[in-house]
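Note sheet for the following structure.
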Amino acid sequence: MTSPLFSGPSATRRTLFKSAGKATAALAAAALTLSACSTGPASSTSDASSSSSSSSSSQFPVTIKHAFGETTVKEQPKRVVTVSWVNDDVALALGVVPVGVPKNEWGGNEQGSTPWKDAALKELGAGFGSDKAPVQFSEADGINFTEIAKLTPDVILAAYSGLTEEDYKKLSEIAPVVAHPEVAYGTSWQDSTSIIGKALGKEAEATKLIADTEATVKTEAAKYPQIAGKSFVYGYTDPSDLTATGFYTANDNRPKFLSAIGMKLAPVAEKASAGSKDFFVPWAAEKANELEADIFLSSVEDAATAAAVKSDPLLGQIPAVKNGGFVADADKSLVLAISASSPLSLPWALDTFLPQLATAADAVK
């Protein structure tokens, strides 16, 4: 399963992990109070927290179309398991605590979680270490079928994922699977929220959550008017491995987010995105000077790597890098929050990410 957080299209989660070493809390809290429905861990014996309202139950069965056909969820799920990123965030934002979630082994904290996920779980009384916390399992080597089966889920959420058809078939032997609708790792956070809301019997809550999150993003972005209209390439650069050079297409959530706040995907990336189902396009370092854009963004290992990009004889020729419009982010949690964006991660990231963009935009006026 290819990972959207690593540069190359052939990278697996395993190679990614080997290579990797405050904003609007009110919005998160509001989202979490939209519903009292939650599910507990495998050892939970409480049914009260997972009870469904009659209005929610009446929405079932529901059928959801996706890349591998369609899945019918016959009744409101009580035991939810998620795979990949984003899906657990959305469930939590809708007030549902999964019985099992993957560890955040890239960009996560010492608990294998994230600050926004920890805040949501705490709000729902299910923080890691408590009796109601989800079981965590590793996905460092791909989908963890064994651990997922142990959790006896009613539904498996993978609206944002890179499931292969083989993965989908294996998971479907365990429980109904809500897979990505079309492009692997190409599901917008809005579509993920809408799809998962339908699968959980929370369509109205999902619609409100999307509107509230979009409003928050719009309000915060408006504080930095210099960002609007700036062209960008969200790429990946590593002076120690020039073969990893490339950029993310319009299918990826990074460009989607930047476009949503009024920036413009650079022509070179727009052309590469046309008709593509890939989220990342390799680019020869020898042609780095052709990556024309006002702002070039890339995750980096540390500040020293950012400096090395600027001084590299090839990567240093990227126009935005030369002109001061280089956003080099070494904060893996922040990179994760934008790349695997969700109604929980975006509000958390805005206070840090938007000022970085604004500084780069100011440099290229």
Side-chain angles (χ1 to χ4, degrees), residues 1-8 11-25 28 82-93 98 101-121 128 134 136-140 157-162 180 184-189 192-193 213 217 234-238 247-248 251-258 260-261 279-280 297-302 305-306 327-357:
M1 182 168 59
T2 308
S3 167
L5 299 184
F6 190 65
S7 57
T12 63
R13 283 177 181 267
R14 185 172 186 177
T15 59
L16 165 65
F17 299 137
K18 284 185 175 181
S19 70
K22 69 196 177 189
T24 50
T82 69
V83 299
S84 187
W85 298 280
V86 178
N87 304 292
D88 50 357
D89 285 5
V90 173
L92 291 170
V101 299
K103 294 178 181 178
N104 289 98
E105 294 172 278
W106 194 96
N109 54 28
E110 65 278 358
Q111 295 185 124
S113 182
T114 60
W116 54 91
K117 190 186 304 182
D118 288 341
L121 284 167
F128 288 118
Q136 292 177 290
F137 49 83
S138 174
E139 287 189 334
L157 301 179
Y160 176 86
S161 71
H180 54 277
Y185 293 117
T187 314
S188 68
W189 68 264
S192 293
T193 302
T213 306
V217 171
Y234 202 128
Y236 182 82
T237 54
D238 181 358
F247 56 83
Y248 297 92
N251 294 323
D252 186 81
N253 276 336
R254 278 155 278 213
K256 286 178 182 177
F257 171 72
L258 295 175
I261 61 173
F279 60 80
F280 184 85
L297 305 92
S298 175
S299 61
V300 294
E301 191 62 30
D302 48 35
T305 304
V327 178
D329 207 329
D331 184 337
K332 292 183 174 61
S333 289
L334 186 58
V335 172
L336 180 66
I338 299 298
S339 59
S341 51
S342 76
L344 294 183
S345 72
L346 284 180
W348 177 89
L350 295 177
D351 280 353
T352 301
F353 188 69
L354 292 177
Q356 290 181 352
L357 278 179

Side-chain heavy atoms of Thr114 within contact of Leu336, under 4.5 Å: yes
Could you check if a side-chain atom of Asp329 sits within less than 4.5 angstrom of a side-chain atom of Leu297, using non-hydrogen atoms only? no
Using modelled atom types only, decide if a donor and an acceptor are shared between the side chain of Asp118 and the backbone of Trp116 within a distance under 3.5 Å. no
What are the two closest non-hydrogen atoms of Asn253 and Ser339, and how far apart are they? CB-O, 3.5 Å
Between Phe280 and Tyr248, how do the two ring planes meet: parallel, tilted or perpendicular, split at 30° and 60°? perpendicular
Considering only heavy atoms from C-beta outward, does the side chain of Leu357 approach that of Leu258 to under 4.5 Å? yes
Just wondering, do Tyr185 and Asp252 contact through their side chains at under 4.5 Å, heavy atoms? no
About how many Å separate OG of Ser84 and CG of Leu157, when rounded to the nearest 0.5 Å? 11.5 Å
Under a 3.5 Å threshold, yes or no: a donor from one side chain and an acceptor from the other, between Ser113 and Asn104? no
Could you please spell out the steps behind the side chain to side chain contact (heavy atoms under 4.5 Å, CB included) verdict for Phe353 and Phe257? CA-CA 11 Å; Phe353 188 69; Phe257 171 72; 3.6 Å; yes
Quick one: are Trp106 and Lys332 in side-chain contact, heavy atoms under 4.5 Å? yes
I'd like to know if the side chain of Ser341 reaches the main chain of Ala337, judged simply by a donor and an acceptor atom lying under 3.5 Å from each other, with no hydrogens or angles considered. no
Tell me whether Ser298 contacts the main-chain N or O of Thr237 through its side chain, where contact means a donor paired with an acceptor under 3.5 Å. yes
Nearest 0.5 angstrom please: Lys103 NZ to Asn109 CG, how far? 12.0 Å
When you compare the side chain of Ile261 with that of Leu354, does any pair of heavy atoms fall below 4.5 Å? yes
Are Val83 and Val101 packed together at the side-chain level, in the sense that at least one heavy-atom pair is separated by less than 4.5 angstrom? no
Would you sort out whether Tyr234 and Phe247 count as a ring-ring contact (aromatic ring centres under 6.0 Å, His included), showing the intermediate values? CA-CA 6 Å; Tyr234 202 128; Phe247 56 83; over 10 Å; no
Side-chain H-bond candidate by donor/acceptor type, Glu105 with Ser138, under 3.5 Å: yes
Distance-minimising heavy-atom pair for Pro98 and Pro134: O-CB, 3.3 Å
Would you confirm whether Ser342, through its side chain, and Val86, through its main-chain N or O, come within 3.5 Å as a donor-acceptor pair? no
Which pair of heavy atoms, one from Ala184 and one from Gly162, lies closest together, and at what distance? CB-CA, 3.9 Å
Minimal heavy-atom distance between Val90 and Ser192, with the atoms involved, is CG1-O, 4.3 Å
Shortest non-hydrogen contact between His180 and Thr187, atoms and distance: CB-OG1, 3.7 Å
Not counting sequence neighbours, list each pair that qualifies as a salt bridge (Lys or Arg N to Asp or Glu O under 4.0 Å) and has a residue in residues 82-91. Asp88-Lys117
Tightest non-hydrogen contact, residues Asn251 and Phe279, listed as CB-CA, 4.4 Å
